[in-house]
Novice: 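Here's a structure for you.
All chains are named by letter (A, B, ...) in the order of the sequence lines, taking the proteins before the strands, and each is independently numbered beginning at 1. Just so you know, these numbers come straight off a predicted model, no measurement behind them.
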Amino acid sequence: MNNKRLPPSFFRQEVTDVAPRLLGKILVRRFADGSVLRLAITEVEAYRGMEDRACHASKGRTTRTEVMFHNGGLVYVYLIYGMYWMLNFVSGAENEPTAVLIRGLEGISGPGRVGRALQLDKSFYGEDLSTSERIWIEDAGQQPKYTATPRIGINYAGEPWISMPWRFVVEK
DNA sequence: GTAAGGATTGGC
DNA sequence: CCAATCCTTACT
């Protein structure tokens with residue numbers, strides 16, 4: 001059923017609020033063969049706009065970052081190190097380039113492994129989470145406890161961005 | 001056109 | 001510690 005699918009309004013808010021609220025939500029992936037994978041989100045990171053030097057959108061509006069400038073509720077995927085597809089959800093309002101990186105799912109640790117498990121590719125770029133038949137998010141009716149820490153792998157961004165506690169992890 | 005490097009992972 | 005692997009961005 002789709003009655004639990006999160007509406008666009010869920011994503012069209014402050015990314016630092018959207019990110020932790022995604023914890024415990026169910027990521028649903030329907031494959032071409034009809035099989036369905038349903039896994040709870042356990043780790044995320046918020047990337048916030050042009051100012052945030054760790055956010056790809058800080059480089060400006062380019063072919064790659066274009067989707068982040070759209071209204072929240074779309075998928076932003078990109079290839080890193082030539083082999084891993086990173087899954088992000090665009091947040092905030094139009095022209096407010098923010099996104100949430102999905103770093104971990106129930107039983108799957110690491111953003112690269114998430115992309116591999118979900119069999120993502122560039123065709124998911126710009127996918128609409130409110131209408132897609134192959135990927136969407138459902139409300140599980142609970143908000144797990146979590147902790148906030150600095151984000152991973154963004155030392156090049158410099159301060160204060162390195163220290164912003166924008167990585168959210170579900171507590172055991 | 002060319003070069004540098006990355007929101008990672010896994011193997012040595 | 002470091003190679004894998006290729007797309008995007010920056011620069012000539």
Novice: Under 4.0 Å between a side-chain nitrogen and a carboxylate oxygen: does that hold for A:E45 and A:R103?
Specialist: yes

Novice: So what does A:I154 touch, heavy atoms closer than 4.0 Å: a base, only the sugar-phosphate, or nothing?
Specialist: sugar-phosphate

Novice: Compare every heavy atom of A:V44 with every heavy atom of A:V100, then report the nearest pair and how far apart it is.
Specialist: CG1-CB, 3.7 Å

Novice: Between A:I80 (CD1) and C:dT8 (C1'), how many Å, whole number?
Specialist: 10 Å

Novice: Do you know which two heavy atoms are closest between A:H56 and A:T65, and how far apart they sit?
Specialist: O-CG2, 3.4 Å

Novice: At 4.0 Å (heavy atoms only), tell me whether A:R116 reaches a base, stays on the sugar-phosphate, or touches nothing.
Specialist: sugar-phosphate

Novice: Locate the shortest heavy-atom distance separating A:P111 from A:M86; write the atom from each residue and the value.
Specialist: CB-SD, 3.6 Å

Novice: May I have the step-by-step check of side-chain contact (heavy atoms from CB on, under 4.5 Å) for A:E96 and A:F69, ending in yes or no?
Specialist: CA-CA 6 Å; A:E96 195 172 84; A:F69 287 78; over 6 Å; no

Novice: Base, sugar-phosphate or nothing for A:M83? Non-hydrogen atoms, less than 4.0 Å.
Specialist: base

Novice: Might you confirm whether atom CD of A:E51 has over 12 heavy atoms from other residues, nucleotides or ligands at distances under 6.0 Å?
Specialist: no

Novice: Whole angstroms only, please: what is the NE2-P distance between A:H56 and C:dA10?
Specialist: 12 Å

Novice: Rounding to the closest angstrom, what is the interatomic distance between B:dG5 and C:dC2 at atom C1'?
Specialist: 15 Å

Novice: By the 4.0 Å heavy-atom rule, please label A:G82 as base, sugar-phosphate, or nothing.
Specialist: base

Novice: How many whole angstroms separate atom OH of A:Y81 from atom C1' of C:dC2?
Specialist: 12 Å

Novice: Considering residues, nucleotides and ligands other than A:R53, do more than 12 of their heavy atoms fall under 6.0 Å from its CZ?
Specialist: no

Novice: Could you check A:T147 against A:E171 for side chain to side chain donor-acceptor pair (under 3.5 Å), going step by step and ending with a plain yes or no?
Specialist: CA-CA 7 Å; A:T147 52; A:E171 283 188 351; 4.8 Å; no

Novice: Could you tell me the boundaries of the chain A footprint on DNA chain B, defined by atoms under 4.0 Å from its heavy atoms?
Specialist: B:dG6 to B:dG10

Novice: Atom CG of A:L120 and atom C1' of C:dC6: how far apart are they, to the nearest Å?
Specialist: 17 Å

Novice: Can you tell me how far C1' of C:dC7 sits from CE of A:M86, to the nearest Å?
Specialist: 13 Å

Novice: Who pairs with A:E14 by salt bridge (Lys or Arg N to Asp or Glu O under 4.0 Å), at least two apart in sequence or on another chain?
Specialist: A:R48

Novice: Answer with base, sugar-phosphate or nothing: what part of the nucleic acid does A:R64 contact at a heavy-atom distance below 4.0 Å?
Specialist: sugar-phosphate

Novice: C:dC6 P sits how many Å from A:W85 CH2, rounded?
Specialist: 11 Å

Novice: So what's the dot-bracket for DNA chain B: Watson-Crick or G-U pairs under 3.5 Å, [ ] if a pair crosses, | if it pairs off-strand?
Specialist: ||||||.||||.

